[in-house]
Enquirer: 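A single structure is presented below for examination.
Keep in mind that what you see is a predicted model, and the values were worked out from it rather than measured. Quick note: residue numbers are just sequence positions, from 1.
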Amino acid sequence: MDKLVIQGGNKLCGRIKVSGAKNGSLALMPATILSPGTYHLTNTPNLRDVWTMSRLMTALGAFCELNGNDLFIDTRELNSTEAPYEHVKNMRASFYVLGPLLARFGEARVSLPGGCAWGPRPVDLHIKGMERLGADVKLENGYVVAKAKQLTGTKIHLDISSVGATGNILMAATLAKGTTLISNAATEPEITALARMLVKMGAKIDGIGTAILEIEGVTNLKPVDETTIPDRIEAATYLIATAATGGKIDLENVNPYHLTSVIAKLEECGCEVDVNSDSIFLKAAEKILPTDITTAVYPGIPTDIQPQWTALMAAASEGNSKVIDVVYTDRFKHIPELMRLGADIDVIDNSAFIKAGKKLTGATVMASDLRAGAALVVAALAAEGTSEILRVYHIDRGYESIENKLTALGANIKRVKTELI
Ligand code: UD1
């Protein structure tokens with residue numbers, strides 16, 4: 001088990017390259033199930049969640065090789081339709097294989113993902129979507145078992161604009177007979193990127209990037225090579241960490257257009273931000289101004305930066321601020337750990353009320369999930385003294401070489417083996 005040891009107080013300064021999007025890769029990888037063949041996915045982030053998806057695809061019979069950031073997938077011999085519990089339980093995105101398996105083989109048996117660290121995360125919309133496409137879906141021994149000789153196009157309105165359900169239904173609908181209309185579809189860049197790859201594979205999709213997707217089913221698709229889009233959440237995390245430490249950063253290989261809401265908030269709290277087509281420069285404010293956020297679906301503030309923003313507000317030198325999460329209303333496991341670092345935060349329902357002004361000080365803290373871990377890194381970088389962050393494997397799920405990138409920016413950070421869990 002590893003821990004991160006951070007000596008806080010260094011201003012992050014310098015230039016780093018943003019990795020490919022974790023949530024982008026996790027959507028592109030299952031799309032390769034739809035058509036037997038060989039795929040080369042470039043700019044794939046080399047991180048735990050991608051390894052988990054590779055292991056699941058391998059269990060299904062595919063060949064997956066991640067060489068640096070080049071992912072090679074061969075789905076010609078993929079012949080199993082069962083996604084076992086051991087591969088699905090640790091990563092909800094594993095549920096993405098349901099739609100493609102059902103569309104290609106007419107059946108799929110996928111373990112229910114279960115809850116996650118901060119509460120239940122249902123998959124009812126994925127299941128309803130498959131049923132609307134004509135599948136017979138049953139729950140057997142913790143597995144979702146779906147069968148359909150031929151999926152048939154239909155109208156599907158998503159009660160909630162779910163990223164995962166949109167991706168799953170979209171993939172299944174590419175091979176359905178007739179036209180499928182998904183309304184209130186997610187417009188997150190990772191879904192748009194998935195739709196673009198499907199079109200390259202031969203799918204017929206209208207309305208890409210909008211909340212209404214129209215898919216005209218085709219009989220078969222072809223394998224392609226694709227590049228993963230930059231990770232907007234990783235980028236936002238480094239921007240926030242730089243703001244929290246009073247530094248200056250140049251981010252490369254990023255799409256600023258995917259981060260407009262976050263950039264607006266960073267400017268509102270006093271930071272100077274300049275963007276180019278694929279880079280972002282940020283100079284931290286002398287004094288971070290208290291700035292409220294409310295999460296929303298894209299292009300709003302992503303829930304995946306809520307914990308890091310809370311850490312930034314807690315590290316500010318004065319003022320009260322409020323952080324509201326309407327996407328995951330109970331995503332506040334990071335708060336007690338931030339309080340161990342000296343933060344003053346009250347949580348009421350889905351809102352965190354932060355009183356800044358107390359200097360954060362180093363402590364031993366524990367990451368409870370990926371973004372909670374990222375928030376602890378932000379706070380520890382801004383704190384006085386040494387912090388130890390346990391359960392780094394959560395952070396490794398979504399941040400490629402985090403200690404190397406932060407070291408390149410001048411942070412004092414080490415990864416150390418520990419007996420503590
Ligand atoms: C994806 C992201 C995750 C991000 C989340 C919200 C991936 C791999 N993960 O997760 O990092 O935090 O989007 O931007 O891309 N819901 C239901 N029923 C369902 C599905 C979802 O009620 O069947 C609810 C969820 O509980 C949540 C909301 O819909 O309140 C949004 O969840 P969703 O967009 O589906 O998140 P994920 O796709 O799991």
Enquirer: Would you mind checking if Lys147 and Asp136 are paired as a salt bridge, meaning a charged N to carboxylate O distance below 4.0 Å?
Expert: no

Enquirer: Any side-chain donor-acceptor pair under 3.5 Å between His394 and Asp369?
Expert: no

Enquirer: For residues Thr42 and Thr227, is any side-chain donor paired with an opposing acceptor at under 3.5 Å?
Expert: yes

Enquirer: Regarding Glu188 and Asn23, do their side chains bring together a donor and an acceptor under 3.5 Å, going by distance alone?
Expert: no

Enquirer: Does a donor on one side chain and an acceptor on the other come within less than 3.5 Å for Thr295 and Gln306?
Expert: no

Enquirer: Identify whether the distance between the nearest side-chain nitrogen and carboxylate oxygen of Arg397 and Asp49 falls below 4.0 Å.
Expert: yes

Enquirer: With the side chain counted from C-beta on, respond yes when Pro302 and Ser261 share a heavy-atom pair under 4.5 Å apart, and no when they do not.
Expert: yes

Enquirer: If you measure only the distance, is there a donor-acceptor pair under 3.5 Å linking the side chains of Asp325 and Thr303?
Expert: yes

Enquirer: Under a 3.5 Å cutoff, is there a donor and acceptor pairing between the side chains of Thr179 and Lys204?
Expert: no

Enquirer: Is a side-chain N or O of Asp231 found less than 3.5 angstrom from the main chain of Glu234, in a donor-acceptor match?
Expert: yes

Enquirer: Does the distance from a Lys or Arg side-chain N to an Asp or Glu carboxylate O, for Lys128 and Asp159, drop under 4.0 Å?
Expert: yes

Enquirer: Using only heavy-atom distances, determine whether the side chains of His157 and Ser183 contain a donor-acceptor pair under 3.5 Å.
Expert: yes

Enquirer: Any donor-acceptor pair under 3.5 Å linking the side-chain atoms of Arg371 with those of Tyr399?
Expert: yes

